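Pasting in a structure now, in structure tokens, and then I'll have a few things to ask.
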Amino acid sequence: TGTAHLIAISGLHIGMVAAIGYFLGSLIWRHSLLARSQIPAQSVARLAAILAATAYAALAGFALPTLRALLMLIAYFMLISLRRNPGVRFGLGLILMVVLIFDPLAALGASLWLSFTAVTAIAIASSMRPKQDANTVPERLANSTHKLQRWFASGWHAQWAVFIGLLPLSLV
């Protein structure tokens, strides 16, 4: 199912720690006295996410998969900070280039290809999901129970995408 690759300290964990850092950085910045400055909350949140992910990667001993995920996260945030939306293929290609510059031998390991295949599968599946306009969402979906259901459905959708995307590599 592709879950064995996700259980190891990998991009999933870096992503979770980065998400927590992003949320806390944004929350703290929005409620601080400095929030009225010219620095947007998203920029502070991105920095908090990178710092949290770097601290986690350090705790994990900067293992190659962890370092690779950290580099991917930094490259992704750099693209967002530069206000570039190059598309999935260009973004993944750029991040692959950054990873291979820092670790050329990573191309020989299965971990790199499993990671990139999983991210590609999630990106493709996400782009295929219909977007809901905020104005067309029924009132009943506004409560927290339905938001939680949508969140779980989104996670389920992503896991199926990873399963289907990694199935050929897992079989090989």
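This chain uses plain numbering: 1 for the first residue, then up along the sequence. No experiment lies behind these values; they were computed from the predicted model shown.
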Do L70 and L51 sit in one hydrophobic cluster, given that two such residues count as connected whenever their side-chain heavy atoms are within less than 4.5 Å of each other, even indirectly?
no
S26: what forms a side chain to side chain donor-acceptor pair (under 3.5 Å) with it, not counting sequence neighbours?
R30
Taking the side chain as everything from C-beta on, heavy atoms only, tell me whether L92 gets closer than 4.5 Å to L96.
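Not touching, per the 4.5 Å side-chain cut-off.
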Check for me, please, whether M78 and L73 land in the same ILVMFWY cluster - side-chain distances under 4.5 Å, paths through other members count.
yes
Apart from L108 itself, members of its ILVMFWY cluster (side-chain separation under 4.5 Å) are L105
If hydrophobic clusters are built by linking Ile, Leu, Val, Met, Phe, Trp and Tyr wherever their side-chain heavy atoms come under 4.5 Å apart, do I20 and Y22 end up in the same one?
no
Restricting to side chain to side chain contact (heavy atoms under 4.5 Å, CB included), what partner residues turn up for A48, sequence neighbours left out?
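Listed in chain order: nothing, the list is empty.
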Are M16 and L24 connected in the hydrophobic side-chain network, where two residues link if heavy atoms are under 4.5 Å apart?
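No, it is not one cluster - the side chains of M16 and L24 are not joined through contacts under 4.5 Å.
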Indicate yes or no: at least one non-hydrogen side-chain atom of H13 is less than 4.5 angstrom from one of V17.
no
Restricting to non-hydrogen atoms, name the atom on A161 and the atom on A121 that form the minimum distance, rounded to 0.1 Å.
O-CB, 3.3 Å
Search all heavy atoms of T66 against all heavy atoms of I14 and return the closest pair with its distance.
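Closest pair (atom of T66, atom of I14, distance): CG2-CD1, 3.5 Å.
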How many angstroms lie between atom CZ of F23 and atom CG of L27, to the nearest 0.5 angstrom?
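Going from CZ on F23 over to CG on L27, the span is 5.0 Å.
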Give me the atom names and distance for the closest heavy-atom approach of A106 to L112.
O-CB, 3.4 Å
Evaluate the criterion ring-ring contact (aromatic ring centres under 6.0 Å, His included) for residue pair W160 and F163; output intermediate values, then yes/no.
CA-CA 5 Å; W160 269 106; F163 170 70; 5.4 Å; yes
So do the side chains of F102 and L67 get within less than 4.5 Å of each other, counting heavy atoms only?
no
Quick check: is I122 connected to L166 through a chain of hydrophobic side chains (ILVMFWY, heavy atoms under 4.5 Å apart)?
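In one cluster: yes.
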For I39, is there any backbone N or O sitting under 3.5 Å from a side-chain donor or acceptor partner on W29?
yes
